[in-house]
Number of protein chains: 2
Amino acid sequence: MIEERYHHGDLRQALLVIAKQQLTSQGFEALSLRAISREAGVSHAAAYRHFPNKEALVAALACAGFEQLAAFVEAEVMQHSADPREQFFQCGIAYVQFALNNAPLFRVMFGVSGVDRLQYPATHTAAQASFGVLVGTIQRGQAAGLIGAGEPRQLAFTAWAAVHGLATLALQDQITSQQGAIDSERLVRNSAKLLWNGLKYGQT
Amino acid sequence: MIEERYHHGDLRQALLVIAKQQLTSQGFEALSLRAISREAGVSHAAAYRHFPNKEALVAALACAGFEQLAAFVEAEVMQHSADPREQFFQCGIAYVQFALNNAPLFRVMFGVSGVDRLQYPATHTAAQASFGVLVGTIQRGQAAGLIGAGEPRQLAFTAWAAVHGLATLALQDQITSQQGAIDSERLVRNSAKLLWNGLKYGQT
DNA sequence: ACCTCTATGTTGACAGTGGTAACATTGCTT
DNA sequence: AAGCAATGTTACCACTGTCAACATAGAGGT
């Protein structure tokens with residue numbers, strides 16, 4: 001049993017965990033350093049020993065989000081190691097799924113709050129890393145001769161943008177299809193097929 | 001010369017104008033009803049006679065943004081009335097340009113603040129209307145036999161998502177290319193070519 | 001011309017926020 | 001054991017969104 005002690009142990013981590021809970025349950029607007037500290041059983045100024053300001057806390061949240069995203073997408077992609085085309089599709093499907101299942105976190109990751117990512121190197125590199133998963137998929141596609149020539153990073157960027165757009169727009173019109181949930185897989189497959197056709201011919 | 005009078009005349013509009021100024025100059029985070037009212041030379045509660053709350057003011061801002069976006073894209077597209085393919089490209093180029101030139105407004109338009117657009121019908125229809133510009137372009141492309149078969153709204157959605165993704169990602173990594181400004185036109189053309197290739201073959 | 005009603009604006013309050021400074025406690029290091 | 005840096009606490013500040021009670025202006029009916 002944990003004693004009530006003056007020093008918390010790992011307050012920074014605890015704050016992040018609670019912040020993520022509050023984020024997913026209450027949304028970004030309701031995120032408050034004071035509420036988080038309260039929940040952590042700590043005074044409202046304690047957080048400032050671990051984060052220079054609220055923005056930094058949010059940036060750390062985003063950082064963790066990117067790591068989670070990369071791990072999730074990579075895992076999904078690896079289930080289809082045989083077929084590069086299917087890998088490519090899964091990349092997008094997993095991405096959108098993640099966005100829909102972690103809407104508030106996703107919004108935080110992508111500049112909701114106008115956080116200048118370049119000011120938070122950890123967050124920035126985590127974002128780059130998650131991008132790397134897609135680049136890898138593209139490269140395997142090229143190696144297999146299924147994707148035409150082209151700078152892989154640039155192709156990946158295009159593909160990323162397409163899927164990212166789907167994710168954010170889907171997130172927005174919450175119920176585009178007037179049914180309860182969006183069929184994200186169908187949504188992505190439609191776009192991905194189109195992109196894949198384009199990719200076959202390279203970027204001329 | 002305008003007298004100092006008790007009733008402002010058209011306070012609602014004045015507030016929106018000032019809000020937009022503050023938004024573009026100070027960013028979304030700094031947007032405050034009180035500051036806006038102050039600037040309008042009016043008490044801090046006056047705004048509540050015209051907007052039920054801050055969110056509504058922001059929604060109205062977004063609404064105006066969508067109208068501006070639609071007008072801008074349409075104007076750019078119409079300069080290339082001859083060539084449907086070039087129209088399609090211009091659509092995307094104009095879209096990204098708008099996003100980069102009106103970054104804070106663009107962020108407000110797209111769920112920055114988790115505003116539930118469905119709760120603000122005016123905003124929602126304005127958004128739909130701006131989407132309509134792209135649908136029209138696709139339809140003209142199909143009519144000219146340059147774009148394969150497919151439900152135009154669905155194709156448009158795919159294209160929109162691709163471009164929207166480019167815009168938001170570009171907005172985020174502000175200086176992706178380590179140069180001062182992003183060459184948005186080149187960025188979009190790369191993607192658009194790819195999409196266009198895909199579109200030629202329809203969505204099978 | 002007056003009177004009333006409604007739209008609009010004002011004042012003053014409240015709870016909650018992010019942030020800072022001054023002080024308290026803890027536990028590692030020497 | 002002493003001292004020092006890390007970590008928490010308390011008290012405060014300016015600011016925010018929002019509401020209720022009050023004030024004023026202007027439009028319409030009489």
Side-chain angles (χ1 to χ4, degrees), chain A residues 1-23 25-62 104 108 112-116 119-120, chain B residues 1-23 25-62 104 108 112-116 119-120:
Chain A
M1 162 126 189
I2 296 171
E3 300 271 333
E4 289 255 344
R5 44 186 173 170
Y6 196 90
H7 282 73
H8 181 285
D10 191 359
L11 183 57
R12 185 191 152 95
Q13 191 57 29
L15 290 175
L16 284 176
V17 169
I18 294 171
K20 188 167 171 184
Q21 284 170 3
Q22 305 244 339
L23 175 65
S25 66
Q26 323 280 348
F28 176 73
E29 320 311 313
L31 209 56
S32 128
L33 278 187
R34 290 176 107 105
I36 294 167
S37 306
R38 220 176 294 138
E39 189 71 18
V42 110
S43 84
H44 63 266
Y48 287 88
R49 300 292 161 190
H50 301 275
F51 302 95
N53 51 35
K54 185 183 180 182
E55 188 178 285
L57 186 274
V58 171
L61 228 42
V108 162
V112 176
S113 48
V115 177
D116 185 1
Q119 281 189 335
Y120 299 90
Chain B
M1 161 129 190
I2 297 171
E3 299 272 333
E4 289 256 342
R5 44 187 173 170
Y6 196 89
H7 282 72
H8 182 284
D10 191 359
L11 183 55
R12 186 191 150 95
Q13 191 57 29
L15 290 175
L16 284 175
V17 169
I18 293 172
K20 187 166 171 183
Q21 285 170 3
Q22 304 243 341
L23 176 64
S25 66
Q26 323 280 346
F28 175 74
E29 319 312 312
L31 209 56
S32 129
L33 279 187
R34 290 176 106 105
I36 294 167
S37 305
R38 221 175 294 139
E39 188 72 18
V42 109
S43 86
H44 62 267
Y48 286 88
R49 300 293 160 188
H50 301 274
F51 303 94
N53 52 35
K54 185 183 180 182
E55 189 177 284
L57 186 275
V58 172
L61 227 43
V108 162
V112 174
S113 47
V115 178
D116 185 2
Q119 281 189 336
Y120 298 91

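Chain letters run A, B, ... following the sequence lines, proteins first and then strands; every chain starts at 1. Remember, predicted model here, so these are calculated numbers, not experimental data.
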* What's the shortest heavy-atom distance between B/Ser43 and B/Ser37, and which atoms? -> O-CB, 3.5 Å

Rounded interatomic separation in angstrom, taking [atom1] from [X] and [atom2] from [N]:
X: A/Phe51; N: C/dT20; atom1: CZ; atom2: P; result: 16 Å
X: B/Lys54; N: C/dG16; atom1: NZ; atom2: P; result: 18 Å
X: A/Leu15; N: C/dG18; atom1: CG; atom2: P; result: 12 Å
X: B/Ile36; N: D/dT16; atom1: CD1; atom2: C1'; result: 12 Å
X: B/Asn53; N: D/dT16; atom1: CG; atom2: C1'; result: 14 Å
X: B/Leu33; N: D/dT16; atom1: CG; atom2: P; result: 10 Å
X: A/His50; N: D/dA6; atom1: NE2; atom2: C1'; result: 9 Å
X: A/Tyr48; N: D/dC13; atom1: OH; atom2: P; result: 17 Å

Out of [options], which nucleotide sits closest to the side chain of [X]?
X: B/Arg49; options: C/dG18, D/dG8, C/dG9; answer: C/dG9
X: B/Ala35; options: D/dT16, D/dG8, C/dT10; answer: D/dT16
X: B/Arg38; options: C/dG9, D/dT18, D/dT16; answer: D/dT16

* Beyond-backbone contact of B/Val108 with B/Leu31, side-chain heavy atoms, under 4.5 angstrom -> no

* **Close side-chain approach of B/Glu55 and A/Glu29, heavy atoms under 4.5 Å** => no

* Classify the nucleic acid contact of A/Ser43 as base, sugar-phosphate or nothing, counting any heavy atom under 4.0 Å across all strands shown. =>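 If one applies the 4.0 Å heavy-atom cut-off, A/Ser43 turns out to touch a base.
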
* **Interatomic spacing from CD1 in B/Ile36 to CZ in B/Arg34 - rounded to 0.5 Å** => 12.5 Å

* **Reported CG-to-CD distance for the pair B/Leu15 and B/Glu39, which is rounded to 0.5 angstrom** => 11.0 Å

* Asked: Can you find a side chain N or O atom of B/Ser32 that sits less than 4.0 Å from OP1 or OP2 on D/dC15?
  -> no

Every protein N/O lying under 3.5 Å from an N/O of nucleotides 12-14 of chain C:
| unit_1 | atom_1 | unit_2 | atom_2 | d |
| --- | --- | --- | --- | --- |
| C/dG12 | O6 | B/His44 | NE2 | 2.7 |

* To do: Mind checking side chain to side chain donor-acceptor pair (under 3.5 Å) for A/Lys54 and listing every partner two or more places apart, or none if nothing turns up?
  =>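 Expected list: none.
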
* Pairing residues for B/Ala60 by the side chain to side chain contact (heavy atoms under 4.5 Å, CB included) criterion, not counting sequence neighbours -> B/Arg12, B/Leu16, B/Phe51

